[in-house]
S.K.: 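Sharing a structure below in C-alpha cells format, with a few things to ask.
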Amino acid sequence: MGRIPVCCAPTEEEKVDITEVFTLLNEHRMANGRSALAYDDALEAAIQGHCVHMQQHSFFDHESEEESVGDPWERAELCGTRANGENIARGQRSPAAVMEAWIESSGHNQNMLNERFRRVGIGHVASGNYWGQLFAQ
C-alpha cells in the first residue's frame with residue numbers, strides 16, 4: 001500500500017480549519033456545562049497522520065489494515081502520547097459542517113462532551129475533506 005503516514009503536521013490552510021473546529025468544540029462543550037479542552041500537539045500529529053493515511057490509502061475507518069498503526073491508541077503512542085477517544089468524518093466542507101455532523105451523532109457527541117477528557121488534537125486533510133478529533137484524559 002505504500003508509505004504509512006504517522007505523526008503528521010497539517011498545512012497552513014488545514015490548520016485554519018483545525019483551529020475553527022477547536023473553537024467550535026469548546027463552545028459546544030461550554031454550552032453543555034463542560035470545561036474547555038486543552039489543545040495537544042501530539043494528539044494533533046496522531047490524528048492528522050490518520051487523516052492523511054485514510055486519504056492516501058483510500059479508506060475510512062478508525063482502524064487500518066497495517067498493524068503498526070492499527071488503532072487510535074497505537075497511533076497516539078507512536079506520536080508520544082495516549083488517547084482515549086476518537087471521532088472521524090469525511091466529506092464535510094467546513095468546520096461548522098463537520099461539527100454539526102458530530103453533534104447530530106450520539107456517539108460522536110458523547111466523545112465531544114465526555115467529562116473525563118481534558119485534551120484534544122484535531123486533524124483535517126482538505127483533499128477529500130477527512131476530519132478527526134483525538135481525545136485524552
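Any value given below was found using the heavy atoms of this structure, including those in side chains, with hydrogens, waters and symmetry copies removed. Positions are given from 1 along the sequence.
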S.K.: Could you tell me the separation between the OG1 atom of Thr19 and the CD atom of Glu14, rounded to the nearest 0.5 Å?
M.R.: 11.5 Å

S.K.: Using modelled atom types only, decide if a donor and an acceptor are shared between the side chain of Asp71 and the backbone of Glu63 within a distance under 3.5 Å.
M.R.: no

S.K.: For residues Ala83 and Leu43, report the shortest heavy-atom separation together with the two atoms involved.
M.R.: CB-CD2, 4.1 Å

S.K.: Test your reading of the model: is there a side-chain donor-acceptor pair from Ser58 to the backbone of Met54, 3.5 Å cut-off?
M.R.: no

S.K.: Looking only at atom types and distance, does a side-chain atom of His50 sit under 3.5 Å from a main-chain N or O of Ser64, one as donor and one as acceptor?
M.R.: no

S.K.: What are the two closest non-hydrogen atoms of Pro95 and Val21, and how far apart are they?
M.R.: CB-CG2, 3.6 Å

S.K.: Let me check something: do Val98 and Phe60 share a hydrophobic cluster, defined by ILVMFWY side-chain heavy atoms less than 4.5 Å apart, either directly or through other members?
M.R.: no

S.K.: Taking all heavy atoms of Ser68 and all of Leu78, pick out the closest pair and write down the distance.
M.R.: O-CD1, 3.3 Å

S.K.: Under the rule for side chain to side chain donor-acceptor pair (under 3.5 Å), what residues qualify as partners of Asn109, not counting sequence neighbours?
M.R.: His28

S.K.: Atom SG of Cys51 and atom CD1 of Ile88: how far apart are they, to the nearest 0.5 Å?
M.R.: 8.0 Å

S.K.: Looking at Arg118, Met112, Gln110, Arg116, which hits side chain to side chain contact (heavy atoms under 4.5 Å, CB included) with Asn114?
M.R.: Arg116

S.K.: With salt bridge (charged side-chain N to carboxylate O under 4.0 Å, His left out) as the rule and sequence neighbours excluded, what pairs involving residues 28-54 come up?
M.R.: Lys15-Glu44, Arg34-Glu115, Asp40-Arg119

S.K.: If you measure from CD1 on Ile47 to OH on Tyr130, what distance do you get to the nearest 0.5 Å?
M.R.: 13.0 Å

S.K.: Pairs in or reaching into residues 78-94: which pass salt bridge (charged side-chain N to carboxylate O under 4.0 Å, His left out), with residues at least two apart or in two chains?
M.R.: Arg75-Glu86

S.K.: side-chain contact (heavy atoms from CB on, under 4.5 Å) for Leu24 and Met99? Distances and angles first, verdict last.
M.R.: CA-CA 7 Å; Leu24 293 170; Met99 281 298 298; 3.8 Å; yes

S.K.: As an exercise, state the distance from CD1 of Ile103 to NE2 of His108, rounded to the nearest 0.5 Å.
M.R.: 12.5 Å

S.K.: Taking side chain to side chain donor-acceptor pair (under 3.5 Å) as the test, write out the residues that go with Ser106, two or more places apart.
M.R.: none

S.K.: So, Phe59 versus His53, ring centres under 6.0 angstrom or not?
M.R.: yes

S.K.: Tell me the closest heavy-atom pair linking Cys79 and Ala42, and the distance in Å.
M.R.: O-CB, 3.6 Å

S.K.: Consider only side-chain heavy atoms of I, L, V, M, F, W and Y, link residues closer than 4.5 Å, and tell whether Val120 and Trp102 are in one cluster.
M.R.: yes

S.K.: Can you see which heavy atom on Leu134 is nearest to which on Ala76, and at what distance?
M.R.: CD2-CB, 4.4 Å

S.K.: Members other than Val16 in its cluster, when Ile, Leu, Val, Met, Phe, Trp, Tyr link by side-chain heavy atoms under 4.5 Å?
M.R.: none

S.K.: Whether the side chain of Glu104 engages the backbone of Ala101 through a donor-acceptor N/O pair (distance < 3.5 Å, no angle test) should be reported.
M.R.: no

S.K.: Rounded at 0.5 Å granularity, tell me how far CD1 in Ile18 sits from CG in Leu25.
M.R.: 13.0 Å

S.K.: Give me the atom names and distance for the closest heavy-atom approach of His57 to Pro5.
M.R.: NE2-CD, 4.3 Å

S.K.: So which pairs with a foot in residues 109-129 pass ring-ring contact (aromatic ring centres under 6.0 Å, His included), sequence neighbours left out?
M.R.: Phe117-Phe135, His124-Trp131

S.K.: Mind checking the CD1-CD spacing from Ile122 to Glu20? Nearest 0.5 Å is all I need.
M.R.: 10.0 Å

